[in-house]
Peer 1: 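Have a look at this one.
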Amino acid sequence: MTTPHAGWTDELARARLHFVTGKGGTGKTTLAAALGLALAREGRRVLLIEVEGRQGIAQLFDTEPLPYAEQRIAAVPGGGELRALHIDVEAALLEYFEMFYNLGFAGRTLRRMGAIEFATTLAPGLRDVLLTGKIKECVGRTESDGRHTYDAVVVDSPPTGRVVKFLDVTKALTDLAKTGPIRGQAEGVVRLLHSGETVIHLATLLEEMPVRETVEAVAELDGADLRPGAVLVNRVRPPRLPARSVTAAADGRVDASRVRDGLATAGLKLPQETLDALVDETVEHAVRVAAEQRAREQLAEADLPTLELPDLTDGVDVAALYDLAEALTDQGVRV
């Protein structure tokens, strides 16, 4: 049986742009935020970017909706800093007009006319070009001393079903735009996204559908010459049975009398209906553990580094995000 790589690799540590994708419901926004916090340790500055317009980052950190501006959202042990940016497509287009065509005033006029919505509807790929172009600018920005403004940039990306189209749309636009700033911008984005500086992490659960979609997404990323990073397995629950007992229990072979005797030895004498309920719960637990083991074996086929995050039974708040970040750090996550 193939065993997945454990922990963060040196190759991942060299990347500066980290996309986090996953099937809906796998917690990709939570894991993107936790990854940002983990990468910001030891005095690093990290930017966490949202591109889907849901304001999920603001909700996670219990702040006001994020503007189209980079702002500090969390301090990190060791002097690090996490900033966040919600990329508004309209604002990004206006910024694009200003940077490349000096059309600041005209851009505002276009906004009032509704031309921006018309343009992004007429050319749907333009929206993703604007988003990835802004991401590229953040990654490449430098300070007066020549150092990068951000040690790492983490992007809460579209889900796995759309992530390759999102990341590869600029390549298609390069084929359409033969000259001018659009082509230059597109080529720069293509180089970054297909370089060793960029990795795409995949959030999943130990369930059949998310695992299947994760494996399919890895193959799709490989086919598009985009580099998969790590598999981030979310909401992992510890097994409560010895490994040798799982198969039998999952088949319903639980010796109720043995359970009764064990409880009696511990000084517990339970009614028959309570004992029956415990046996049923044991079988259900074993079935889940066996299914999760099969999911791990399927994930191993992707042959990627794998990190596991615990199930947070009390929900996700800011303190929980730091706990998840610490779990990632314990598995080697670093810049």
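Just so we're clear, the structure is a prediction, and the values are computed from it rather than from any experiment.
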Peer 1: Mind checking the OG1-CD1 spacing from Thr160 to Ile200? Nearest 0.5 Å is all I need.
Peer 2: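 One gets 12.5 Å once the value is rounded to the nearest 0.5 Å.
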Peer 1: Which residues satisfy the salt bridge (charged side-chain N to carboxylate O under 4.0 Å, His left out) test with Arg235, sequence neighbours excluded?
Peer 2: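 In terms of salt bridge (charged side-chain N to carboxylate O under 4.0 Å, His left out), with neighbours along the sequence ignored, Arg235 is linked to no residue.
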Peer 1: Please identify each residue that fulfils salt bridge (charged side-chain N to carboxylate O under 4.0 Å, His left out) with Glu308, with sequence neighbours left out.
Peer 2: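 Checked Glu308 against salt bridge (charged side-chain N to carboxylate O under 4.0 Å, His left out); matches are Arg296.
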Peer 1: Not counting sequence neighbours, which residues clear side chain to side chain donor-acceptor pair (under 3.5 Å) with His194? List them please.
Peer 2: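 His194 satisfies side chain to side chain donor-acceptor pair (under 3.5 Å) with Asp168 only.
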Peer 1: Taking Lys28 for the side chain and Pro159 for the main chain, is one N or O donor matched with an acceptor at less than 3.5 Å?
Peer 2: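 No: the side chain of Lys28 does not pair with the backbone of Pro159.
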Peer 1: Under the side chain to side chain contact (heavy atoms under 4.5 Å, CB included) rule, what do Leu85 and Leu66 come out as? Steps first, then yes or no, please.
Peer 2: CA-CA 7 Å; Leu85 170 65; Leu66 297 172; over 6 Å; no
Peer 1: Check whether any side-chain N or O of Glu137 sits under 3.5 Å from a backbone N or O of Gly133 as a donor-acceptor pair, and report yes or no.
Peer 2: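 It does not hold such a pair.
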Peer 1: Give the intermediate values and the outcome of salt bridge (Lys or Arg N to Asp or Glu O under 4.0 Å) for residues Glu70 and Arg83.
Peer 2: CA-CA 6 Å; Glu70 297 151 38; Arg83 293 188 179 184; 5.1 Å; no
Peer 1: Using every non-hydrogen atom in the two residues, find where Ile87 and Ile135 come nearest and quote the distance to one decimal.
Peer 2: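 Of all heavy-atom pairs spanning Ile87 and Ile135, the closest is CD1-CG1, 4.0 Å.
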Peer 1: Mind checking whether Phe166 and Phe19 have parallel, tilted or perpendicular rings, split at 30° and 60°?
Peer 2: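 Judged by the thresholds at 30° and 60°, the geometry between Phe166 and Phe19 is perpendicular.
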Peer 1: How far apart are the closest heavy atoms of Ala74 and Phe61, and which atoms are they?
Peer 2: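 Smallest interatomic distance, heavy atoms only, reads CB-CE2, 4.0 Å.
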Peer 1: To check you understand the geometry: which heavy-atom pair defines the closest contact between Pro305 and Gly229, and what is its length?
Peer 2: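 Of all heavy-atom pairs spanning Pro305 and Gly229, the closest is CD-O, 3.5 Å.
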Peer 1: Kindly determine whether Leu48 and Ile73 satisfy side chain to side chain contact (heavy atoms under 4.5 Å, CB included), including the steps that lead there.
Peer 2: CA-CA 9 Å; Leu48 177 62; Ile73 199 167; 5.6 Å; no
Peer 1: Please give me the minimum heavy-atom distance between Pro310 and Ala327, naming the atom from each residue.
Peer 2: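 Looks like CD-CB, 4.3 Å.
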Peer 1: Quick one: which residue pairs count as a salt bridge (charged side-chain N to carboxylate O under 4.0 Å, His left out) with a foot in residues 221-231, not counting sequence neighbours?
Peer 2: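 Sorted pair list: Glu11-Arg227.
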Peer 1: Once side chain to side chain donor-acceptor pair (under 3.5 Å) is applied, what residue pairs with a partner in residues 251-264 remain, sequence neighbours excluded?
Peer 2: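 Of all non-adjacent pairs touching residues 251-264, those that pass side chain to side chain donor-acceptor pair (under 3.5 Å) are Asp251-Arg253, Asp255-Ser257, Arg260-Gln272.
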Peer 1: Please tell me whether Val246 and Leu206 are part of a single hydrophobic cluster in this structure, the criterion being side-chain heavy atoms less than 4.5 Å apart.
Peer 2: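 In one cluster: no.
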Peer 1: Report whether Val163 and Val218 are members of the same hydrophobic cluster (ILVMFWY, side-chain heavy atoms less than 4.5 Å apart, transitive linking).
Peer 2: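 Yes, same cluster.
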Peer 1: Out of Leu82, Val76, Leu37, Val153, which residue meets the side chain to side chain contact (heavy atoms under 4.5 Å, CB included) rule with Val46?
Peer 2: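 Exactly one pass, corresponding to Leu82.
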Peer 1: Should Val189 and Val129 count as side-chain neighbours, where that means a heavy-atom distance under 4.5 Å?
Peer 2: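 Side-chain contact under 4.5 Å: no.
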Peer 1: With sequence neighbours left out, write down each residue that passes side chain to side chain donor-acceptor pair (under 3.5 Å) with Thr329, or none if nothing qualifies.
Peer 2: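 Side chain to side chain donor-acceptor pair (under 3.5 Å) list for Thr329, sorted by chain: Arg41.
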Peer 1: Can you confirm whether Leu167 sits close enough to Thr198 that some side-chain heavy atom of one is under 4.5 Å from a side-chain heavy atom of the other?
Peer 2: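 Of all side-chain heavy-atom pairs linking Thr198 with Leu167, none is under 4.5 Å.
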Peer 1: Quick one: pull up CG in Leu307 and CG in Leu324 and give me the separation to the nearest 0.5 Å.
Peer 2: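 Leu307 CG to Leu324 CG: 12.0 Å, rounded to 0.5 Å.
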Peer 1: State whether the number of non-hydrogen atoms from other residues, nucleotides or ligands found under 6.0 Å of Asp62 atom CG is greater than 12.
Peer 2: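 Open.
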Peer 1: Nearest 0.5 Å, what's the CG-CG distance between Leu232 and Leu304?
Peer 2: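 Answer rounded to 0.5 Å: 10.5 Å.
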Peer 1: Val318 and Leu312: same hydrophobic cluster, using ILVMFWY side-chain contacts below 4.5 Å?
Peer 2: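 Shared cluster, yes.
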Peer 1: Under the rule for salt bridge (charged side-chain N to carboxylate O under 4.0 Å, His left out), what residues qualify as partners of Glu208, not counting sequence neighbours?
Peer 2: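 Checked Glu208 against salt bridge (charged side-chain N to carboxylate O under 4.0 Å, His left out); matches are Arg212.
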Peer 1: Is a side-chain N or O of Glu50 found less than 3.5 angstrom from the main chain of Asp156, in a donor-acceptor match?
Peer 2: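 No; zero donor-acceptor contacts below 3.5 Å.
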Peer 1: Please list, chain by chain and in numerical order, all residues satisfying salt bridge (charged side-chain N to carboxylate O under 4.0 Å, His left out) with Asp10, sequence neighbours excluded.
Peer 2: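 With neighbours one apart ignored, the set is Arg334.
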Peer 1: Flag yes if more than 12 heavy atoms outside Glu42 fall under 6.0 Å of its CD atom; otherwise flag no.
Peer 2: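 It does not: Glu42 CD has 12 such atoms or fewer within range.
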Peer 1: Considering residues at least two apart in sequence or located in another chain, which fulfil the side chain to side chain donor-acceptor pair (under 3.5 Å) criterion with Thr149?
Peer 2: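 Residues passing side chain to side chain donor-acceptor pair (under 3.5 Å) with Thr149: Glu143.
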Peer 1: Going hydrophobic residue to hydrophobic residue with side-chain gaps under 4.5 angstrom, can you get from Val20 over to Leu12?
Peer 2: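 Yes; tracing contacts between hydrophobic side chains, which count when under 4.5 Å, links both residues.
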Peer 1: Kindly list each side-chain donor-acceptor pair under 3.5 angstrom involving residues 278-285, sequence neighbours excluded, with atom names and distances?
Peer 2:
residue : atom : partner : partner atom : Å
Thr282  : OG1  : Leu278  : O            : 2.8
His285  : ND1  : Arg288  : NH2          : 3.0
His285  : NE2  : Arg240  : N            : 2.8

Peer 1: Say whether, by atom type as modelled, one donor and one acceptor occur between the side chain of His201 and the main chain of Ala230 under 3.5 angstrom.
Peer 2: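 Pair found, side chain donor or acceptor close to backbone of Ala230.
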Peer 1: Would Asp128 and Leu131 count as a side chain to side chain contact (heavy atoms under 4.5 Å, CB included) here? Give the steps.
Peer 2: CA-CA 5 Å; Asp128 291 342; Leu131 295 172; 4.1 Å; yes
Peer 1: If you round to the nearest 0.5 Å, how far is OH of Tyr150 from CG of Leu17?
Peer 2: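 It comes to 13.5 Å.
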Peer 1: Look at the side-chain heavy atoms of Ile, Leu, Val, Met, Phe, Trp and Tyr, link any pair under 4.5 Å apart, and say whether Leu328 and Leu205 land in one connected group.
Peer 2: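 No, Leu328 and Leu205 fall in different hydrophobic clusters.
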Peer 1: Suppose we screen for side chain to side chain donor-acceptor pair (under 3.5 Å). Which residues come up paired with Tyr68, at least two apart in sequence or across chains?
Peer 2: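 With neighbours one apart ignored, the set is Glu95.
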Peer 1: Of all the heavy-atom pairs spanning Gly315 and Ala320, show the shortest one and how long it is.
Peer 2: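 Heavy atoms of Gly315 and Ala320 come nearest at O-CB, 3.9 Å.
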Peer 1: Can you tell me how far apart CG (Leu226) and CG (Leu193) are? Round to the nearest 0.5 Å.
Peer 2: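 One gets 7.0 Å once the value is rounded to the nearest 0.5 Å.
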Peer 1: Pick one: which of Arg45, Arg141, Arg16 meets side chain to side chain contact (heavy atoms under 4.5 Å, CB included) with His148?
Peer 2: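 Going through Arg45, Arg141, Arg16 one by one, the side chain to side chain contact (heavy atoms under 4.5 Å, CB included) with His148 is satisfied by Arg16 alone.
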Peer 1: Can you tell me how far CD of Glu292 sits from CZ of Arg294, rounded to the nearest 0.5 angstrom?
Peer 2: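 The distance works out to 10.0 Å.
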Peer 1: Take Leu39 and Asp151, measure what side chain to side chain contact (heavy atoms under 4.5 Å, CB included) needs, and give me the verdict at the end.
Peer 2: CA-CA 8 Å; Leu39 292 172; Asp151 297 291; over 6 Å; no
Peer 1: Can you list every salt bridge (charged side-chain N to carboxylate O under 4.0 Å, His left out) pair that touches residues 198-207, not counting sequence neighbours?
Peer 2: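 Salt bridge (charged side-chain N to carboxylate O under 4.0 Å, His left out) check on residues 198-207 returns no pairs.
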Peer 1: Identify the heavy atoms of Pro228 and Leu202 that sit nearest to each other, and give their distance.
Peer 2: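 Closest heavy-atom pair between Pro228 and Leu202: CB-CD1, 4.4 Å.
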Peer 1: Any side-chain heavy-atom pair from Asn234 and Thr26 closer than 4.5 angstrom?
Peer 2: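 A side-chain contact is absent here, since even the closest heavy-atom pair is not under 4.5 Å.
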